[in-house]
Undergrad: 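There's a structure below that I have some questions on.
Bear in mind that the values here come from a model prediction, so they are computed numbers and not experimental data. Position 1 is the first residue of the sequence; numbering continues from there. The analysis underlying the following values was restricted to heavy atoms, covering all of them including side chains, and did not include hydrogens, waters or symmetry mates.
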Amino acid sequence: MTGTPTSPTMSPPPTSRFPRSLIFAFVAALIAGLALTVAQTPAKAAGTLLSQAKPVTASSTENAGTPATAAVDGDLGTRWSSAAADPQWLQVDLGTSSAVTQVALNWETAYAKAFQIQTSANGTTWTNIYSTTTGTGGNQTLDVTGTGRYVRLYTTARATQYGVSLWEFKVYGSTGTGPAACGTANAALNRPATASSTENAGTPASAAVDGNTGTRWSSAAADPQWLQVDLGSSQAVCGVQLAWETAYAKAYQIQVSDNGTNWTTAYSTTTGPGATELITLSGTGRYVRVYTTARATQYGVSLWEFQVFTGGDGTTPPTSPPPSGGAKLLSYNKPATASTYQDANSCVGCTASKAFDEDPATRWATSDSNGWVDPGWISVDLGATAHITQVVLQWDPAYAVSYQIQVSPDNTNWTSIYSTTTGKGFKETLNVDGTGRYVRMYGTQRSNGYGYSLWTFDVYGTGGNPTAPPATPPNPGNPEHLVWSDEFNGAAGTKPDTSKWTQDTGGGQNGELEYYTNGNNTAMDGNGNLVIEARKENVEGHQYTSGRINTSDHFNFTYGHVEARIKVSGTQGLWPAFWMLGSNFKTGTPWPNSGEIDIMEHVGKVADSVYSTLHAPAYNGGNGYGQPYTVAGSDFASDFHTYAVDWDSSHMTFSVDGHAFFTADKATIESTRGPWVYDHPFYIILNNAVGGDWPGAPDASTVFPQRMLIDYVRVSQ
């Protein structure tokens, strides 16, 4: 942005317990196929390229510049290389069981003479589908036949004294040959939970499955302990997420059971690291439990959240009406009335029409002067008689405990087609059956001392006089292709490309102390990096200067894989970030209605963590929806790391160095936090802030200047 930015941005997670209501998915099944650089495909390639940008691991790496991810990034200028020993392996998670028909190996000079290509359903038990002791190096295209979710190269004899090294490891075939992909919703959310013991009445078993990471289960101070959840029916379990409190378990098992009595172990460890653990596994059962056998502290074991992810259909709440019967959205932009509406304070212009505009960031609310009473109602005129089959309500926290859905032919005589006295708020999808021109929500009991408020009130069915809603953006392709990038390969001292970046100038927000200059603090270093330097110097009444650039005037986009390789600044009071802001902010939509996607934030006082967070009208600032990624004892400012998000219409998955650690699922956010406001264009921002409400001010330990180095920024769709 040119001029002084005026919106609050980069609002931090809370400093006491950073995780909030998180929905972690078995993310390997979610990350979209990505091609950062489109390399040539072998002429005889059999099937679709399945491996590009998928999660990948290796037995070892030669150094930080040759990670496993480099072998599946589609870039022939990057490579994976191993330690100089036998055996070695590189494996890729395709996300779902797939028929593998071809593997292409593009070896660096250090190749393997003897190796196998193997597949696995679970990443543990492997089947050979190709084997040789006379490998030739160079480019090898291997026609194979196999099935599995995981594919690995397993080398047993090197051709040189060095390790083994691949420019590219490509797997071709087709998906959908095995079990359904893992669901994105937490199957354990609010399900019945029991435990071996509880520390006290304030830490019950139910607190670990309530979606609130401010509450927790904790056990007595003894081994073993367990926490189990009843999913309600037998399901294929493919992953769990453990959000440990400081009192974690070093040794534990994840077990499944059909009856809650006889248990099968699906995962086991004796080296649990605590913090947040995302675990891939395979098992089937109605009951899932974590069974701990060795505590890491003298206290009991304690979990903020225990989440379970399952395969197959039905794991994600519906987000749209069933397609059968020709049902359409009938209520978009139709005339609306209400008992009252608010037009003051935190809800200016919150008229009835805002519930029908298909803008998830606008809402209707009853008047704060005379509308916080019962009953309260909102009605829509569909324009003609319609058969109503579904109503979807996305509530603000001011929701109705008791209400009816009513229809009328004349807006005077009403017939109830749905009634409840146990409304739960958030998103409610109601299958109904009624006929009328008018539809209304008639609330008779409020959930709290405020009035009634709806972000959206969608009516589906047939008939009426519908207006077509705006077209939804297309999801990214598969595979994805590079659509925009900046490699920052300019000469030393060169400023950022003005056809791609705009300098933000002026003071920052959130209590920041720097002055963002017009390019004085942002320049290429001549080594392939952009440097954003924070300095201790007085400019325009500020003690510090730094830089902030954005793509808003040049590149705005919806969905895709967004990635940057960054070496963050460090020490107390520094706050580097790689993030995105809704493009409608530039045309007058206020923050947080515009939406904000923080791909990476780092605060110098917490050297071993980076943070990914979403901000929207119903969850923002200290209540943002996000998760830290922590490598205990490390300092993210000591080296480059790759920060990325995979974003589409149903979810966002955040990763660091190819390790996906947090997934925000649209359906679960809507059912537990509020509207999803990310289905529209966003632009990219890079900045290196000094001070602020979250990191605090620099002190005697702070080192200046502080340099944030960006190797590249890439967007693929």
Undergrad: Between Trp217 and Phe306, is the gap from one ring center to the other below 6.0 Å?
TA: no
Undergrad: Do Lys586 and Tyr683 pass the side-chain contact (heavy atoms from CB on, under 4.5 Å) test, and can you show the C-alpha distance, the side-chain angles, and the key distance before you say yes or no?
TA: CA-CA 10 Å; Lys586 297 284 286 186; Tyr683 60 88; 3.8 Å; yes
Undergrad: Using 0.5 Å steps for rounding, measure from the OG atom of Ser634 to the CG atom of Asp639.
TA: 10.5 Å
Undergrad: With the threshold set at 4.0 Å, does a side-chain nitrogen-carboxylate oxygen contact exist between Arg714 and Glu487?
TA: yes
Undergrad: Given side chain to side chain donor-acceptor pair (under 3.5 Å), test Asp665 with His651 step by step and report yes or no.
TA: CA-CA 4 Å; Asp665 175 72; His651 80 290; over 6 Å; no
Undergrad: Please lay out, stage by stage, how Gln627 and Phe661 fare under the test side-chain contact (heavy atoms from CB on, under 4.5 Å).
TA: CA-CA 8 Å; Gln627 170 68 11; Phe661 69 97; 3.9 Å; yes
Undergrad: Before accepting this row, confirm whether a basic side-chain N of the pair Arg535/Glu533 lies closer than 4.0 Å to the acidic partner's carboxylate O.
TA: yes
Undergrad: Hey, would you say the Tyr611 and His602 ring centroids sit under 6.0 Å apart?
TA: no
Undergrad: Do Trp501 and Trp484 make the cut of ring centroids closer than 6.0 angstrom?
TA: yes
Undergrad: Would you indicate whether Phe640, at its atom CZ, is surrounded by more than 12 heavy atoms from other residues, nucleotides or ligands within a distance under 6.0 Å?
TA: yes
Undergrad: Does a side chain donor of either Asn623 or Arg673 reach within less than 3.5 Å of an acceptor in the other side chain?
TA: yes
Undergrad: Any ion pair linking Asp93 and Lys54 (charged N to carboxylate O, less than 4.0 Å)?
TA: no
Undergrad: Is the centre of the Tyr629 ring less than 6.0 Å from the centre of the His659 ring?
TA: yes
Undergrad: Report the C-alpha distance between Lys666 and Asp679 in whole Å, list the side-chain angles of each, state the deciding distance to 0.1 Å, and finish with yes or no for salt bridge (charged side-chain N to carboxylate O under 4.0 Å, His left out).
TA: CA-CA 10 Å; Lys666 177 179 180 178; Asp679 295 328; 3.1 Å; yes
Undergrad: Within 45 degrees of the axis of the six-membered ring of Tyr712 and under 6.0 Å from its centre: does Arg565 put its NZ or CZ there?
TA: no
Undergrad: Just say parallel, tilted or perpendicular for the rings of Tyr678 and Tyr619, cut-offs at 30° and 60°.
TA: tilted
Undergrad: For residues Phe557 and Tyr559, establish whether the separation of their ring centroids is below 6.0 Å.
TA: no
